[in-house]
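Notes follow once the structure below has been shown.
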Amino acid sequence: MTLKLKVSVTMRPTSCRNRRASSSCFTFAFLLLLLNFCHIASIAGQKSESALTVVENTEGGGAEEEEMTVDEEEEEGELEVVKPTAEWQTLKPGQAVPAGSHVRLNLQTGQREVRLGEEQMKYRTQEHREQEEAQLSFSPEELKRAMKKIKEDLNTGRKDPEQQDSVASKFRPLEELKKDMAQLDMLVETDFQIMKRLLDQFNNSNSTTEQRLSILLELEYMVHQVDNAQTLCSMGGLQLILQGLNSSDFRLQESSAFVLGSALSSNPAVQVKAVESGALQTLLTSLATAEPLHVKKKVLFAVASLLRHFPYAQRHFLSHGGLQVLSELFKADGGGILRTRIVTMLYDLISEKELISQLGLDSALDASHDERVRQYSEVSLQGELLEKGWCRLVPQLLESTEHDFREKALRALLAMSPVCLDQYRSDSSLLGSLVSLRVQYEEMVQSEMIIGEENGYFSEIMELIDALQIKMK
Ligand SMILES: *[C@@H]1O[C@H](CO)[C@@H](O)[C@H](O)[C@H]1NC(C)=O
Ligand SMILES: *[C@@H]1O[C@H](CO)[C@@H](O)[C@H](O)[C@H]1NC(C)=O
Ligand SMILES: *[C@@H]1O[C@H](CO)[C@@H](O)[C@H](O)[C@H]1NC(C)=O
């Protein structure tokens, strides 16, 4: 791909009187260039060869005039000594003039004026002026050449020492410029460049686990942006993350799962790429084997992000024994945090399928909707839930002391009721739980009302209990 950049350089070449000044003029021009380039490169989203087109702006008349005006201003500020020119110029109070200058009083304005004396005028020959210009400033033509040179040097990284010597002798500041550019390059490093650097470091066999962990932390931050997450995939980062998930170091597993989950969240393109890369199998293995609770939590987060609104992945999750793995986790989790997350995930999956079929009741349907309905119809979630014993598992979450956990359990129980009702009815511990919870929440709703809260959180939970009890009658 070739990007064409048009850079309008409105530099007044002669305003750069000394080497330092011209260097900073260049720096400014290149800052503009770099900013433009990085901006466009980041839009294009990939590394691109650039073709720089420099268009010099020569409007504004003769350089000589400019030179002199600018000089005056510069010198005035610093030295308070006027540098006379061939033209008369007004002297301000307190300004000094060099020896040999010609000074007169303007009778109309009452101000003193100065210009070069006769001797100085003679000394300032054409040849001298050219020489001065060549040393201290660049003409637009030279600027253009210099830029081309830099571009070529940077692009080809040419090693011809003779060429480089001649470049260096003609355009002394080039080496400095390149240094400046490298620094600017660092300053305006794009997300693309950052991710490339991070992935390269992550993939470097010399990197320590600590370094990899901090890289994952940075990546996790970046992939919240949809574009960045997709860039991660196109750079082959997904494979690296999956390897991290497969690692024997549980800290790497945890951080990798975190990056993966964040990259997958609400990002269909990444969800598809992940399934294609075999992420589902790796995640399931990891879910079944991961040890500490906090690692399991992050892996579950990645699984939930992968399955969300993605019936194809859901179908494969079920056919690969996903619900079996989840029920092992559910049984092993005494604390209830993992149980709640699992139940919430199941509830979300049931709800999104429900929502799609409800939308189907509207008459205005498009083809993509039909396709979605078809794909969801292949996800036999409810049947699997019944078959894998979830009608008996979810009620256990009601035994938790956390209101939030109970609420999630009640919502899931209601969502599963179409297939689970028979089992609910024969579940004596569920019946008992509902009765005692109802008493408890009734009291709490009373207290809520005393403090003036009509439709508080506890009334909400009580409504869920009521709805479930009505279904079970
Ligand atoms: C790893 O480090 C060694 C020695 O410091 C070095 O020679 C080698 O090039 C490094 N490998 C990579 C992939 O950077
Ligand atoms: C990681 O490094 C290997 C070689 O060490 C290379 O083949 C692979 O492409 C690299 N992966 C990424 C994503 O940079
Ligand atoms: C994970 O490890 C297993 C065996 O240890 C291997 O078969 C599998 O290919 C690995 N997966 C990834 C994504 O590296």
Side-chain angles (χ1 to χ4, degrees), residues 1 3 37-38 40-50 154-157 159 178-179 182-183 185-287 289-290 295 298-299 301-303 305-306 310 313 316:
M1 189 173 112
L3 278 180
F37 176 68
C38 294
I40 291 169
S42 72
I43 288 171
Q46 50 187 304
K47 215 171 180 108
S48 40
E49 303 244 303
S50 67
L154 290 177
N155 279 0
T156 61
K159 291 288 182 286
K178 279 196 232 169
K179 262 187 238 151
Q183 279 166 359
D185 219 7
M186 294 286 288
L187 288 176
V188 294
E189 194 180 26
T190 60
D191 282 3
F192 182 94
Q193 291 166 321
I194 295 170
M195 301 213 343
K196 180 96 183 67
R197 175 170 55 79
L198 290 175
L199 288 177
D200 285 346
Q201 280 171 15
F202 190 83
N203 197 23
N204 188 325
S205 52
N206 286 345
S207 294
T208 65
T209 300
E210 303 304 328
Q211 286 167 334
R212 292 212 170 92
L213 289 172
S214 78
I215 289 169
L216 288 171
L217 208 64
E218 282 188 67
L219 284 174
E220 197 281 324
Y221 175 78
M222 299 193 73
V223 297
H224 283 271
Q225 273 190 35
V226 171
D227 292 355
N228 285 345
Q230 291 170 8
T231 304
L232 180 85
C233 294
S234 64
M235 285 176 175
L238 211 49
Q239 281 306 333
L240 295 182
I241 303 296
L242 290 178
Q243 281 164 22
L245 198 60
N246 219 7
S247 144
S248 55
D249 188 310
F250 70 78
R251 293 171 305 165
L252 278 177
Q253 287 177 20
E254 181 182 12
S255 299
S256 302
F258 194 24
V259 176
L260 189 57
S262 299
L264 287 165
S265 292
S266 310
N267 204 329
V270 176
Q271 286 174 287
V272 170
K273 278 277 184 302
V275 166
E276 284 173 1
S277 313
L280 196 53
Q281 287 84 337
T282 310
L283 281 170
L284 276 174
T285 309
S286 194
L287 202 55
T289 57
V295 180
K298 289 287 193 289
V299 178
F301 162 61
V303 171
S305 303
L306 179 62
F310 193 10
H316 283 83

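Both ligands and their constituent atoms are indexed starting at 1 by order of listing.
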List the closest protein heavy-atom neighbour of [atom]: residue, atom name, distance to the nearest 0.1 Å.
atom                    : result
atom 8 (C) of ligand 2  : N203 ND2, 3.6 Å
atom 14 (O) of ligand 1 : N204 ND2, 3.1 Å
atom 2 (O) of ligand 1  : N206 ND2, 2.2 Å

Test item: R197 and D200 side chains (from C-beta on) under 4.5 Å apart, heavy atoms: no

Could you tell me if the side chain of L216 sits less than 4.5 Å from the side chain of L198, heavy atoms only? no

Gap separating the CD atom of Q281 from the CG atom of L242, nearest 0.5 angstrom: 10.0 Å

Quick note on ligand 2: atoms under 4.0 Å from a heavy atom of M235 include exactly 13 (C)

Find all atoms of ligand 2 within a distance of less than 4.0 Å from any non-hydrogen atom belonging to G236, and give their numbers and elements. 13 (C)

Taking atom 4 (C) of ligand 1 as the reference point, report whether a protein heavy atom occurs under 4.0 Å from it. no

Do protein heavy atoms approach atom 11 (N) of ligand 1 to less than 4.0 Å? yes

Would you please determine whether L199 falls within less than 4.0 Å of ligand 2 on a heavy-atom basis? no

Between the side chains of Q201 and S207, is a donor N or O closer than 3.5 angstrom to an acceptor N or O? no

Can you list the steps and then say if K298 with E220 is a salt bridge (Lys or Arg N to Asp or Glu O under 4.0 Å)? CA-CA 12 Å; K298 289 287 193 289; E220 197 281 324; over 6 Å; no

Donor-acceptor pair, S247 side chain versus Q243 backbone, under 3.5 Å? no

